[in-house]
2 protein chains.
Amino acid sequence: MDLDERKLKILHAIICDYLETAEPVGSRTISKKYNLGVSSATIRNDMSDLEELGFLMQPYTSAGRIPSDKGYRLYVEQLMEYPMIDMQQLELVQEIIVEKIDKMESMLQDISKLLSMITNYPTLISSPQIHKTKLKHMQLIPLDEYSMILITVMDGNIVRNHILNSTMPIKSETLIKLSTMLNQRLQGLTLEEINLPLIQNLKQQMGIHGILLNDVLDAIANSIESVDEQDVYMSGAIHILDFPEFHDVFKAKNLFHALEEKDILITILSQNSSKQKDNNIQITIGQENIAKEMKDCSVVTTSYKMGGQKVGTIGILGPTRMDYARVVSTLSHLVKYMDHILRNFMDG
Amino acid sequence: MDLDERKLKILHAIICDYLETAEPVGSRTISKKYNLGVSSATIRNDMSDLEELGFLMQPYTSAGRIPSDKGYRLYVEQLMEYPMIDMQQLELVQEIIVEKIDKMESMLQDISKLLSMITNYPTLISSPQIHKTKLKHMQLIPLDEYSMILITVMDGNIVRNHILNSTMPIKSETLIKLSTMLNQRLQGLTLEEINLPLIQNLKQQMGIHGILLNDVLDAIANSIESVDEQDVYMSGAIHILDFPEFHDVFKAKNLFHALEEKDILITILSQNSSKQKDNNIQITIGQENIAKEMKDCSVVTTSYKMGGQKVGTIGILGPTRMDYARVVSTLSHLVKYMDHILRNFMDG
DNA sequence: GTTAGCACTCTCAGTGATAGAGTGCTAACA
DNA sequence: TGTTAGCACTCTATCACTGAGAGTGCTAAC
């Protein structure tokens, strides 16, 4: 018993129908709606085979069939055809990026909102991991005698600020000198390269000044670490309630809860499914998900770039019955487009 | 027909029971569970009167009664008794504030999360309106020849940064001078006071420099306006699904949708209900809400202070059947506590 | 290998029938 | 005059039952 051409066609038809209707698909439906040139009885036999091979499931005796995770896997790898998508909506990304170029968080939030609006699925975006980004500028601004703000500007104009406290009073001229010195020593280094030993080294070289500024330098070391903390932005959780598979309030609540937990979101975005599609897009289906709350869901993920380097991940989440083809199309177009605009802005 | 002592007691009992069970309350339930010393028949007569007066409603003939908006209004104003609340959970606020003192947004998000966790209701917090806050420090940091970052520090150490662009190349020494000048002129003024005419005036006084820095000064004027943009943080929308009154997926979706719209959230927080309780807490019940999506909900709001001035609003949202007493207690304790901690931190 | 036909299975929607909760009214009582 | 017991009435929710419909698997014929 093998997967001949016709069985594949039948599987494809069943999946297409199920994606639309969310109802188990029967042999007669296939023979009527999809012109396969064979009778429903033949389709029935093939469906029985496909079930035995694990590509289909039957919710109860004498119901139609629904695709299994394995069925979807075959579908996304061999069968699905990418539809044309409406680029007009996607082009709004340009506006978002231009408008929010100096507010990375807000930009990512808006992109994830747009994406969930276009796809009607919940969308996740992780903030740029910038430990491989170079330091562009550092500046200390005095607040009062004992506290100051450390401004950190990274390549790609990612700006962070931290409030630092010192146990000793510090003159503003000292801060200016320290700023200059920090820039001389650290500019052009990546966050990975700016570590504790380097800061300790700096302290020693400064001699008496280093001791006076002990607190400040420690605080700076701390701040640099926290610059790289990862955030995840999620939008469109509400769409969960649109899927018939989550009309059970208990199920919906479970998933909602998961989507409010940052750790789970990070797990979802960072897991690697066995195979990766050529266009840099990964699909994780149902039980393949690590997070237990996601076992009935699928995720389509891809990475986005800044300065030529992959810095973050975008994921679109849905029931296993999600419209993979359209989501993959939308996502890959979006990322190409984003890459294009961001490159113009950041490096130019 | 007036509201004598017994009628009030019966209303109180009905509301208490309904808050617990979410089921229409019958006369026998009241006479059995609450010891009013009269028979169910008497209660029945009084309930009929209370319905005629508009404090109760009957979902259908020969069902029990449920409170009307007017009934709840009477309850929150005269009848409810504040319970003791668990201060231990509230004390986590201190940790949040200490940890996030230099990241206002993150702090407010965490507080709203905590509050929704404690109360099991969705929670809103508006970001500080800082147009009445004084400017503490301004600094321009060069990024490259044509662009720079404007750092704005307000009283209470609220920090904002904006990326500005100029059409002409600008030397970094010029920026330092400009920073000094801006500080001399603007420090200590509130955002309200720093308006376009003032900036124009500045340009003129600077003569040839003013023309060169035309772009920059315009950009600064723009930025100052946008510093005051209001944000609202919302947490715990998921709790909606816990309320039996939103077990209807369509209703739940409607409310969810509303909670994702910033404009609606601002409306919810800024509306004024007719009466304000003495402890600075406002309650808006059902139809009293302006936003149409909220007509089946109630909101308990209060304001929080920074530097002795009211700068933002916190709101807790629930079905009209919400546990007003506990929510009011929790909220008023939280705000007192926050005020205490924030005062120590910001002004000290 | 394919197909028509048929018996069988299971769900779903509709239909009474029934129990139960609650009311309103009346008449009796303190 | 206010309170109460009793009773008829109303409305809902639940359960069992039924028939229609969708779909399957098997068999026998092509």
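As a basis for the values below, the full set of heavy atoms in this structure was taken, side chains included, without hydrogen atoms, waters or symmetry mates. So you know, we letter chains A, B, ... as the sequences are listed, proteins then strands, and number each from 1.
- Although no hydrogens or angles enter the test, the distance criterion places no donor-acceptor pair under 3.5 Å between the side chain of Gln89(B) and the main chain of Ile118(B).
- Put simply, CD on Glu23(B) is 13 Å from C1' on dG22(C), counting in whole angstrom units.
- Of the side-chain N and O atoms in Ser27(B), one or more sit less than 4.0 angstrom from OP1 or OP2 of dT23(C).
- Ring pair Phe256(A)/Phe256(B): centre-to-centre distance below 6.0 Å.
- The CD-P distance, from Gln58(B) to dA21(C), rounds to 17 Å in whole Å.
- Summarising the geometry, the separation between CD1 on Ile30(A) and C1' on dA22(D) is reported as 14 Å, rounded to the nearest angstrom.
- Surrounding NE2 of His257(A) are at most 12 heavy atoms belonging to other residues, nucleotides or ligands under 6.0 Å away.
- A salt bridge does not link Lys251(A) to Asp248(A): none of the charged side-chain nitrogens sits closer than 4.0 Å to a carboxylate oxygen.
- A straight line from CZ of Arg28(A) to P of dG25(D) spans 16 Å, rounded to a whole angstrom.
- Remark: the backbone N or O of Leu53(B) is paired with a side-chain donor or acceptor of Lys70(B) at under 3.5 angstrom.
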Legend entry - Nucleotide-level pairing of DNA chain D, given in dot-bracket where Watson-Crick and G-U pairs need both distances under 3.5 Å and | marks other strands: ||||||||||||||||||||||||||||||

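- When the C1' atom of dT11(C) is taken as reference, atom OH of Tyr60(A) falls 5 Å away, rounded to whole Å.
- The closest side-chain heavy-atom distance from Tyr121(B) to Leu317(B) is not below 4.5 Å.
- The nearest whole Å value for the distance from the CZ atom in Arg65(A) to the P atom in dG23(D) is 12 Å.
- Between Lys295(A) and Glu288(A) there is no salt bridge, since no side-chain nitrogen of the basic residue lies less than 4.0 Å from a carboxylate oxygen of the acidic one.
- Rounded to whole Å, atom C1' of dA22(D) lies 16 Å from atom OH of Tyr18(A).
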Legend entry - Under 4.0 Å protein heavy-atom contacts per nucleotide of nucleotides 4-10 of chain D, with B for base, S for backbone only and - for none: BBB---B

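- Remark: P of dG1(C) and CG of Asp4(A) are 11 Å apart, rounded to the nearest angstrom.
- Of all the heavy atoms in Ile240(B) and Phe246(B), the pair that sits closest is O-CB, 3.6 Å.
- A distance of 11.0 Å separates CE of Met80(A) from SG of Cys16(A), quoted to the nearest 0.5 Å.
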